[in-house]
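Residue numbers start at 1 and run along the sequence shown.
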Amino acid sequence: MSSLTSAHGKTAVIAVAFATLASLAGVQGAGAQSKTDAPRAGASASPAAPATSAAASSAAAPVKGPPEDQDPTHLKPSEQAKPLQMPPKLDSGWVMDQCVQGRSGGAMYERPRAVVFAPAAAELVDKDWPYGGAAPSQDIADVFVARFPLDRFNNVVTRIAPDKGWLDADTITLEQMASYVSAAQLDRPFAGLQGDVQARAAREKEFVRYSLACTDFVFLSRVVPHNTQWGWEMPSALRDKSVARRPSRAPASLQQSPKAMYLPRLPMIGLDLAVFKREGTSFTRLRLFPSEPSPKGDRDTNEFGSNEAMPDYVSAMPEPSCSIPVAAEGRAGLSCRAGTADDYAVVHTTNDYSGPLCRERDYDNPDVWARCEIRDREEWIVGALQQKVKKMPEFRLYGPLMPGTLGPGTPIGAYEGVKKGMGFGYYGSNHDLMAYYKVVRTGPGGPNRGNKLSLLDARYGEAPELGKLEEIPLAGWTFGVFASTSAFGHSGATSIRTGNVLHAYALPSTLTGGGLSLAIDGSPAWLEWWVTLRLGGMYGDGQNTTIAGAQFDLATEKGFYIGERFKLVAEIGAAGFAGSVSLPGIGPSGGDKSAKYKVGGGMAALAFDVLINPYWSVRAGLEGRYYGKATYTGSDLPAAWTDRADKFHTLGTRVDLHYHF
């Protein structure tokens, strides 16, 4: 994924990534209702699936319910039918004629054409589902088709699921795909539509066949076999990300006395993704991304438009009256430019597909609670797949370097997917990186770009005018290792008598240590702005004492570019320190004692950062920490020690090695 991510989405990642260091979660945007989560009228609740519908497969298998001999506070399936309160709503958008969009093949990136199918084998999720009502395969299909389309493509998206075996094929003919689409069953075509639903389903299949004949790429996915573990859970014991789904003021239903719910302990949903490129009348597989059990991805940064319109990079479906002739590359074939969007295609706001449904949870609908967990999980999986796709050489953005009144820039911009903070490189004849630029202002790009460029800062090197700049895709994360040494301020020596001997004890005057850091880029909100979590250990020997402890920082930092490869970084944040002090000779028979301590406070740092290349940098500078009074605990500690007024102030140096990915 690009180093750029949306401010809202990154804030969500920061809040949980730094709380858990392992699991990721998102904070959803506000909004009371969503088109994406609406009940679908006039159609089955199962997702689209060719040949065999998910509804049929779900009906064939016995539905497993929660065991009745468990906690008596649980709700029976018959009591779990509370309907969602979000009405269905459709929207309109423009219909893409992929046969006349084309790609210039020139020196400037233009959106390639793509057809995105719904996931195959989504009904695998239904076999474990203990509740009635909407099947979770519906949510799998909804999340993928709503979240996956990237703004660097012109996308035709369909609920038709492919043959799951296609992902393993090296080549698929256009005739095979077209025949399969013609025979596919659409159980939920244009759900909520008041009118001839079957006519709209037929039109969708006809439109997909037309687009396949002219598209550049096809994206196919499938749900992999999984084994979701179910069990009784108390809402108060759910993960923090579930709590984060609630509005800032929790509804009264979430403040009631809790009831046990039969929920998935971790919905292990996996998705394989295959990318195919059209070559004449066949499609050749470029990459197959196998499912990962726990992808550390991020929700994509795409702005999905508003409540009023579709994003301009996703096609609506033609109206039944639209004429669709035989497709021919380079020849306009559609008689209509406006169509109807299914509700999944219009997302309420950025990173908010699961949010509206999750806000409908309460203690009377554990089925909705479980669906929320599944949707949230798949959003992260889709985000990880988007990052991988963006790093493929075929899909990296590129454009010429051009002079502008405010400095160098490039004509590509927001239309193509350029975002503030994104990196571009200029490569020599041997593909050696000769220059590196960062986007500091995003231009409009696209057909309405005019003379407005995306403004660039040269971080090192120089590219010739009209030289080809290529995107350097980064996910917006930095992993670091550091070493530090600090002067250690404390309250001095303490005299403690043991028998007839008076011992002097003092903490060390210096501490040394090191550790690891993890940072996330917030450049869309503020260029060169990061949030960092740092964990490390510190050690020192003093007068008759040894101190060892763990140190952590949660800080925000801002970089200021001052010259080629160099920037000044200012950092401020919260800090903590916890560990133990060994006190020899004051225990029984002259033995040792250990005093545990913990302190909290703040930290600040000022450092110079040297960019080696887009992936590596070195940083060195000064840092200081100011802590409150330490609290000592331990068995039978002398009052002379527990009464000390140590505040554990430190001032020293830190050297970091950072890897950006």
Side-chain angles (χ1 to χ4, degrees), residues 10-25 239-241 244 294 296-298 475-489 507-508 510-522 529-540 546-559 569-581 594 596-607 609 615-628 630-631 633 646-661:
K10 284 298 184 185
T11 301
V13 178
I14 291 166
V16 179
F18 295 146
T20 64
L21 285 183
S23 63
L24 298 175
R239 295 185 298 279
D240 287 345
K241 72 181 184 62
S294 182
K296 294 181 174 62
D298 181 22
W477 293 89
T478 291
F479 175 77
V481 296
F482 69 89
S484 64
T485 181
S486 301
F488 186 35
L507 295 177
T510 60
L511 295 176
T512 59
L516 306 175
S517 64
L518 183 67
I520 193 168
D521 188 3
W529 171 70
W530 294 77
V531 173
T532 302
L533 176 67
R534 191 176 295 109
L535 296 175
M538 301 295 286
Y539 177 86
T546 299
I547 186 171
Q551 179 176 278
F552 73 88
D553 303 329
L554 179 58
T556 180
E557 61 183 58
K558 178 70 173 73
V569 179
E571 186 177 345
I572 188 170
F577 196 18
S580 63
V581 180
S594 177
K596 296 182 179 180
Y597 61 84
K598 56 183 178 180
V599 288
M603 62 81 60
L606 193 65
D609 190 281
Y615 303 99
W616 293 95
S617 64
V618 176
R619 181 178 301 180
L622 299 174
E623 66 174 3
R625 290 176 172 79
Y626 185 90
Y627 294 109
T631 301
T633 59
D646 291 321
K647 293 191 176 179
F648 281 40
H649 308 326
T650 63
L651 179 63
T653 62
R654 189 182 79 234
V655 178
D656 299 77
L657 176 64
H658 287 157
Y659 173 66
H660 309 281
F661 62 96

Between [X] and [Y], what is the shortest heavy-atom contact and its length?
{"X": "Ser594", "Y": "Ser580", "result": "OG-CB, 3.6 Å"}
{"X": "Leu554", "Y": "Val531", "result": "CD1-CG1, 4.3 Å"}
{"X": "Phe482", "Y": "Asp656", "result": "CB-OD2, 3.3 Å"}
{"X": "Tyr627", "Y": "Gln551", "result": "OH-OE1, 3.8 Å"}
{"X": "Phe479", "Y": "Leu516", "result": "CZ-CD2, 3.9 Å"}
{"X": "Trp616", "Y": "His660", "result": "N-CD2, 4.0 Å"}

Who pairs with Phe552 by ring pair (Phe, Tyr, Trp, His ring centres under 6.0 Å), at least two apart in sequence or on another chain?
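With neighbours one apart ignored, the set is empty.
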Partners passing ring pair (Phe, Tyr, Trp, His ring centres under 6.0 Å) against Phe488 (at least two apart in sequence or in another chain):
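For Phe488 the ring pair (Phe, Tyr, Trp, His ring centres under 6.0 Å) partners, ignoring immediate neighbours, are His490, Phe648.
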So do the side chains of Val581 and Leu507 get within less than 4.5 Å of each other, counting heavy atoms only?
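The answer is yes, as the side chains (C-beta and beyond) meet within the 4.5 Å cut-off.
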Would a 4.5 Å heavy-atom cut-off, applied to side chains only, mark Thr546 and Tyr539 as touching?
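Sidechains of Tyr539 and Thr546: in contact.
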[X]: partners by side chain to side chain donor-acceptor pair (under 3.5 Å), with sequence neighbours left out:
{"X": "Thr485", "answer": "none"}
{"X": "Thr556", "answer": "Trp529"}
{"X": "His658", "answer": "none"}
{"X": "Tyr615", "answer": "none"}

Atom pair [atom1]/[atom2] of [X] and [Y] - distance to nearest 0.5 Å:
{"X": "Glu623", "Y": "Ser486", "atom1": "CD", "atom2": "OG", "result": "5.0 Å"}
{"X": "Leu535", "Y": "Leu518", "atom1": "CG", "atom2": "CG", "result": "9.5 Å"}
{"X": "Trp530", "Y": "Trp477", "atom1": "CH2", "atom2": "CH2", "result": "10.0 Å"}

Can you name the residues that form a side-chain contact (heavy atoms from CB on, under 4.5 Å) with [X], not counting sequence neighbours?
{"X": "Leu651", "result": "none"}
{"X": "Val655", "result": "Ala620"}
{"X": "Leu622", "result": "Thr653"}

Going by atom type alone, with no hydrogens or angles, which donor-acceptor pairs under 3.5 Å involve a side-chain atom of residues 596-604 and a protein atom two or more places apart or on another chain?
from   : atom 1 : to     : atom 2 : distance (Å)
Tyr597 : OH     : Ala548 : O      : 3.1

With a cut-off of 3.5 Å and sequence neighbours excluded, list every side-chain donor-acceptor pair involving residues 569-577.
from   : atom 1 : to     : atom 2 : distance (Å)
Glu571 : OE1    : Arg654 : NH2    : 3.2
Glu571 : OE2    : Arg534 : NH1    : 3.0
Glu571 : OE2    : Arg534 : NH2    : 2.8

Could you go through Ile547 and Leu511, starting from their C-alpha distance and side-chain angles, then the distance that decides it, and tell me whether this counts as side chain to side chain contact (heavy atoms under 4.5 Å, CB included)?
CA-CA 9 Å; Ile547 186 171; Leu511 295 176; 3.4 Å; yes
